[in-house]
Number of protein chains: 2
Amino acid sequence: MALAYALLSSLLVDGSQSGYDVVKCFDEQISCYWRATHQQVYKELREMEKKGWTCSETIAQTQRPNKTVYSITDLGRQELTAWVLQPSQPTAIREELMAKLKSGFLVPPTALIAELARRQQIHQAGLNALKAMEATDFPTVFTAGAKSLSYEARLYHLALRRGIRYESEWVEWCEEAIQAIGDYQQ
Amino acid sequence: MALAYALLSSLLVDGSQSGYDVVKCFDEQISCYWRATHQQVYKELREMEKKGWTCSETIAQTQRPNKTVYSITDLGRQELTAWVLQPSQPTAIREELMAKLKSGFLVPPTALIAELARRQQIHQAGLNALKAMEATDFPTVFTAGAKSLSYEARLYHLALRRGIRYESEWVEWCEEAIQAIGDYQQ
DNA sequence: CGTGCCATGTAAAGCGTTACATGATTCA
DNA sequence: TGAATCATGTAACGCTTTACATGGCACG
C-alpha cells in the first residue's frame, strides 16, 4: 500500500517522471526510508493509472527507448493528502544480526567481531553517503542553519536527518558490541 | 528464512517450548528485533520438524488444551550455527512516516506536529519497556557493569542495547522534528 | 456474564524478491 | 569488446498479514 503513496509523493514533489526515473530517484534519495525494485514500481504506476491516481503520456524518443511519463492527478493528490493525515504505525523491526547475536555463543568470538566490523563499515558508508547528500542538497544548513530552508525543504531535510541518526546509531552500537565481545577473548 | 533460525535460537536458549510459548516469548523479548504472528510460528515449527531441525512431543493436559512441545535437534543446532556464521545484510528500511513527511506540506503543520508527538510517545513507551526489561533481566549491569555478565547474557544484552538505542534515537528525532516544524508556525 | 488467556489451526490475499528477457547506445 | 545506462516488462516463488475458526477455563 504505502509504496503507492511514496510514488505519488515522488511525482508530486519531483514532478512527472517515467518509471525508470522514479526508480533512480528511489535509489538515490528515497533509499534512506524506502526501497523498491523496478518491477514493483512499474506495476504500481500502472495500477494507480487504472484507479485514476496517475495519468501517463508516451514520449517517443529516437536513440533511446520510448518513455511512459506519469503525472499525479487531482484524485491522486487527494488520496495522498488523505494518507498523510492518517496516523502511521512504527515499522516492525526485523534485524537478522540481533537474532544471530542471541545464538552467537555457538561460534568463536572472533567470527562475531569480524561480522560486526563488517557491518560497522557498511553503516559508516551509508552514513557518509547521507552526509554527502545533505551537503549537496542542503548546503545552506551548514552556514545559515536549518531555519534557512523552505518549509518543504525542511520537511525533507528532517527525513534525511532521521537517516543520518539511524546510521550513526548503528555505527556506535557496532563499536560498543565489538568492545564488549573483545572483553571475553582470553 | 530467518524466522526459522530465530525460532531455533529461541528453542536453544530458552529451552523446549510449545508454539504458544514461542509466540509469547517473541512478543515479550524478541520483539525488539523480530516479530511474527502465531500463524507463522506454528507453520514454521511444523516445517522444521519435517526437515528434522526440531522434534516434538505432545503433552496431554487436563483443564487446558494439549500442547505440542518442540525441541531443537542436533541437526537444527548445526543449521543454526551455519546460519550464524553467514554474513547478514542490513535490513531494508521502510519508514512510512518519512514518506509522509516528504508530502507533509499538503497538510497543516499542526497535523504533522500532532502525529510526531504521538509517535514520540509510542517510542518513549517502547524505550521504557526495554529499559524495564534490562532492569529485570540484567540487574547486575547497573551495579557491577556489563562485564559482570556471562558471555551468553552479554550477547543478548547487546541486542537489547540496540533496541534501547534505536528507540532513544527515535524519541530524540521526534523532538527535533517537532521543534523544526514549530519554527514554521507563525 | 463478558473479557481474556490457553492452544492450535486453515485459507486467501497482498506484498516483495529473484530470475529471466529484450535491445539499442555510450564510454573506456 | 565488454560494461554500463536507458527503458520496460513477465513469471514464479515465498514471506507476511488478515480474516475466520474452535472451545474450555479463570477472573472480576
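Labels below follow one simple rule: chain letters A, B, ... track the order of the sequence lines, proteins then strands, and each chain is numbered from 1. Below, each value reflects all heavy atoms present in this structure, side chains not excepted, and no hydrogens, waters or symmetry copies.
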Engineer: Under a plain distance cut-off of 3.5 Å, with no hydrogens placed, do A/S56 and A/E49 share a side-chain donor-acceptor pair?
Structural biologist: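 Present: a donor and an acceptor within the cut-off.
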Engineer: Does B/D14 pair with B/K24 as a salt bridge, N-O distance under 4.0 Å?
Structural biologist: no
Engineer: When you list every nucleotide of DNA chain D with an atom under 4.0 Å from a heavy atom of chain A, which one comes first 5' to 3', and which comes last?
Structural biologist: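 Range of nucleotides within reach of chain A: D/dT5 to D/dT17.
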Engineer: Less than 3.5 Å apart, any donor N or O on the side chain of B/Q17 or B/S10 sitting next to an acceptor on the other?
Structural biologist: yes
Engineer: Is B/K100 paired with B/E96 through a side-chain N to carboxylate O contact shorter than 4.0 Å?
Structural biologist: yes
Engineer: Atom CZ of B/R46 to atom P of C/dA11: distance rounded to whole Å?
Structural biologist: 11 Å
Engineer: Expressed in angstrom and rounded to an integer, what is the separation of B/K67 atom NZ from C/dT8 atom C1'?
Structural biologist: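 It is 13 Å, rounded to the nearest whole Å.
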Engineer: Got a second to check how far B/C32's SG is from B/L130's CG, nearest 0.5 Å?
Structural biologist: 5.5 Å
Engineer: Is a side-chain donor-acceptor pair under 3.5 Å present for A/Q179 with A/D183?
Structural biologist: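 Distance-only check fails for A/D183 and A/Q179.
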Engineer: Under a 4.0 Å heavy-atom cut-off, which of residues 17-43 of chain B touch DNA chain C?
Structural biologist: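 Listed by number, they are B/S18, B/G19, B/Y20, B/K24, B/H38, B/Q39, B/Y42.
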Engineer: Do nucleotides 23-28 of chain C as a string where each nucleotide becomes B, S or -: B if the base has a protein heavy atom under 4.0 Å, S if just the sugar-phosphate does, - if no protein is that close.
Structural biologist: B-SS--
Engineer: Can you tell me how far CG of B/D21 sits from CZ of B/F26, rounded to the nearest 0.5 angstrom?
Structural biologist: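 If we round to the nearest 0.5 Å, B/F26:CZ and B/D21:CG are 12.5 Å apart.
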Engineer: Should B/E169 and A/R162 count as an ion pair when the cut-off is N to O under 4.0 Å?
Structural biologist: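 The answer is yes: the pair qualifies as a salt bridge.
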Engineer: Hey, is the side chain of A/R94 poking within less than 4.0 Å of OP1 or OP2 on C/dG16, counting only N and O atoms?
Structural biologist: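 A/R94 to C/dG16 OP1/OP2: no side-chain N or O under 4.0 Å.
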Engineer: So, the side chain of B/T73 versus the backbone of B/W53: is there a donor-acceptor pair under 3.5 Å, distance only?
Structural biologist: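 The answer is yes, because a donor-acceptor pair under 3.5 Å joins these two groups.
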Engineer: Before we go on, tell me: are the rings of A/Y184 and B/Y151 under 6.0 Å apart, centre to centre?
Structural biologist: yes
